[in-house]
Amino acid sequence: MPKVSNVPTIRRLPGYLHLLKELKEEGQETVSTTLLASEMQIDPIVIRKDLTMTGASGKPRTGFVVAELIEAIENFLGWKTTTDAFLVGAGNIGSALLGYSGFASYGLRIVDAFDASPAKVGTVIHGHLILPMEKLPDRVATVKARLGILTVPADAAQDAADAMVAAGILGIWNFTPVKIKVPKNVVTQKEDLASGLAELSVRVKHFQVNHNRSPP
C-alpha cells in the first residue's frame, strides 16, 4: 500500500493519466518526461520520480510507451478493478454523485444509496432506490463493499459516519464540511470544497493584480 508520504504523487497521477489518454486518442505512441513536464507545468525530475513509483520504465530517447504507462498508472491506482461503494446522504451533492457516470473510469461503482429522511427513502435517483439507514448493515454484509461516500448535512455527519463504521465500512470518502472521528482501523478522505475555492480565489486575485499592473 502506498505510504502517506507519497500522497502528493498519488494526487498528481490522475492528471498524468488524463493527459496520456488524450495523447493516445491523438495517435501518439510514446511520450517523454520533458513533454509531460511542459504540459503539466511540473519539474521533469518530479515526474520521473512519480512515474517510477508506478513501476513504469521509460527508454532512452524514446521515453515511455503511452499505452503501457496508462496501464501502469491505472494498475497502481487500482482503477483496473471495480470497487463497490455505498453512498449515505441523498441530498444535492449525493444526488449529483449518483448521476456521475465518470466514476466507472476510476473503477468505482455506487451500488446502493441510503438516507435517514422518510421523504427520500423509497425514491429513485439516477436509477438508485434510496434505502433507509437501517438497511445499511445488511447490505454491507451482503455486498461486502467496504467503501462509503458521506454526503449528509454537517449536523448529521458524525452520526452517519458512526453508523457506517458500525456496519463494517473501512473507508469513508467525506464530502461534508465536518472532520469526522473514526477508529484507527478506518481511513477517511475529506474533500474540502472551501479550501479548494479559497486557493482558486487567491490565485485569481494574484493573476488579476499581475495582469493589471502597469508596465514600467
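Every value quoted in this text rests on a predicted model; they were computed, and no experiment measured them.
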* Provide the full list of side-chain hydrogen bond (donor to acceptor under 3.5 Å, both in side chains) pairs with a residue in residues 63-73, sequence neighbours left out, each pair given once. => none
* Structure fact -> Taking every heavy atom of Arg146 against every heavy atom of Val140, the minimum-distance pair comes out as NH1-CG1, 3.1 Å
* So with a 6.0 Å cut-off around NZ of Lys24, is the heavy-atom count from everything else above 12? -> no
* How far apart are the C-alpha atoms of Val152 and Phe175, what are their side-chain angles, what is the distance that settles it, and do they pass the side-chain contact (heavy atoms from CB on, under 4.5 Å) test? -> CA-CA 8 Å; Val152 300; Phe175 282 83; over 6 Å; no
* If you look only at pairs with a residue in residues 76-103, which of them pass as a side-chain hydrogen bond (donor to acceptor under 3.5 Å, both in side chains), with sequence neighbours excluded? -> Asp84-Arg109
* Hey, does Ile149 have a side-chain heavy atom less than 4.5 Å from the side chain of Val88? -> no
* **Heavy-atom closest pair, residues Ala37 and Asp43** => CB-C, 4.4 Å
* Asked: For Glu134, what residues pass the side-chain contact (heavy atoms from CB on, under 4.5 Å) criterion, not counting sequence neighbours?
  -> Pro132
* Would a 4.5 Å heavy-atom cut-off, applied to side chains only, mark Leu97 and Phe103 as touching? -> yes
* **Heavy-atom side-chain contact between Pro153 and Thr176 under 4.5 Å** => no
* To do: List for me each residue that meets side-chain contact (heavy atoms from CB on, under 4.5 Å) alongside Lys49, sequence neighbours excluded, and say none if there are none.
  => Ile45
* To do: Check the pair Leu147, Leu108 against side-chain contact (heavy atoms from CB on, under 4.5 Å), reporting the backbone distance first and the verdict last.
  => CA-CA 10 Å; Leu147 177 64; Leu108 181 68; 3.6 Å; yes
* **Where at least one partner belongs to residues 175-189, residue pairs that pass salt bridge (Lys or Arg N to Asp or Glu O under 4.0 Å), sequence neighbours excluded** => none
* **Over all atoms of both residues, closest heavy-atom pair of Ala167 and Leu136** => CB-CG, 3.9 Å
* To do: Name all residues meeting the side-chain contact (heavy atoms from CB on, under 4.5 Å) criterion together with Pro60; count only those two or more places apart in sequence or in a different chain, and write none if there are none.
  => none
* Asked: Between Met133 and Phe114, which heavy-atom pair has the shortest distance, and what is it?
  -> SD-CB, 3.7 Å
* Asked: Can you list every side-chain hydrogen bond (donor to acceptor under 3.5 Å, both in side chains) pair that touches residues 112-123, not counting sequence neighbours?
  -> Asp112-Arg139
* **Nearest-0.5 Å distance that lies between atom CD1 in Ile110 and atom CG in Leu98** => 5.0 Å
* Asked: Atom CD1 of Ile73 and atom CZ of Phe64: how far apart are they, to the nearest 0.5 Å?
  -> 9.0 Å
* Quick one: are Val121 and Leu131 in side-chain contact, heavy atoms under 4.5 Å? -> no
* Asked: Do the non-hydrogen side-chain atoms of Leu69 and Val65 ever get within less than 4.5 Å of each other?
  -> no
* To do: Taking all non-hydrogen atoms of both residues into account, name the closest pair between Thr151 and Gly89 and its distance.
  => OG1-O, 2.5 Å
* Asked: Can you tell me how far CD of Glu74 sits from CG of Leu77, rounded to the nearest 0.5 angstrom?
  -> 8.0 Å
* Which pairs with one or both residues in residues 156-171 pass side-chain hydrogen bond (donor to acceptor under 3.5 Å, both in side chains), sequence neighbours excluded? -> Gln158-Asp162
* To do: Mind checking the CG-CD1 spacing from Leu87 to Ile125? Nearest 0.5 Å is all I need.
  => 9.0 Å
* Structure fact -> Minimal heavy-atom distance between Ile169 and Ala145, with the atoms involved, is CD1-O, 3.9 Å
* **Joint hydrophobic cluster, Leu19 plus Val46, side-chain heavy atoms closer than 4.5 Å** => yes
* Within-4.5 Å side-chain heavy-atom neighbours: His128 and Val111 -> no
* Asked: Is there side-chain contact between Leu36 and Leu20, with heavy atoms separated by less than 4.5 Å?
  -> yes
* To do: Identify, with sequence neighbours excluded, every residue that meets side chain to side chain donor-acceptor pair (under 3.5 Å) alongside His18.
  => Glu22
Distance-only check: which donor-acceptor pairs under 3.5 Å involve side-chain atoms of residues 26-35, not counting sequence neighbours?
from: Gln28; atom 1: NE2; to: Thr30; atom 2: O; distance (Å): 2.9
from: Ser32; atom 1: OG; to: Leu35; atom 2: N; distance (Å): 3.1
from: Thr33; atom 1: OG1; to: Arg48; atom 2: NH1; distance (Å): 3.2

* Asked: Mind checking what makes side-chain contact (heavy atoms from CB on, under 4.5 Å) contact with Ala72, not counting sequence neighbours?
  -> Thr54, Ala56
* Asked: If you round to the nearest 0.5 Å, how far is CG of Leu150 from CH2 of Trp173?
  -> 12.5 Å
* By ring pair (Phe, Tyr, Trp, His ring centres under 6.0 Å) - contacts of Tyr16 (at least two apart) -> none
* Start with the C-alpha distance between Ile42 and Arg12, add both sets of side-chain angles, then the distance that settles side-chain contact (heavy atoms from CB on, under 4.5 Å), and finish with yes or no. => CA-CA 10 Å; Ile42 299 174; Arg12 286 190 291 266; 3.7 Å; yes
* If two hydrophobic side chains count as joined below 4.5 Å and joins carry through other members, does Ile130 share a cluster with Phe86? -> no
* Do Ile172 and Ile180 come within less than 4.5 Å of each other through their side chains, counting heavy atoms only? -> yes
* Using a distance-only test with no angle check, is there a side-chain donor-acceptor pair under 3.5 angstrom linking Thr9 and Asp50? -> yes
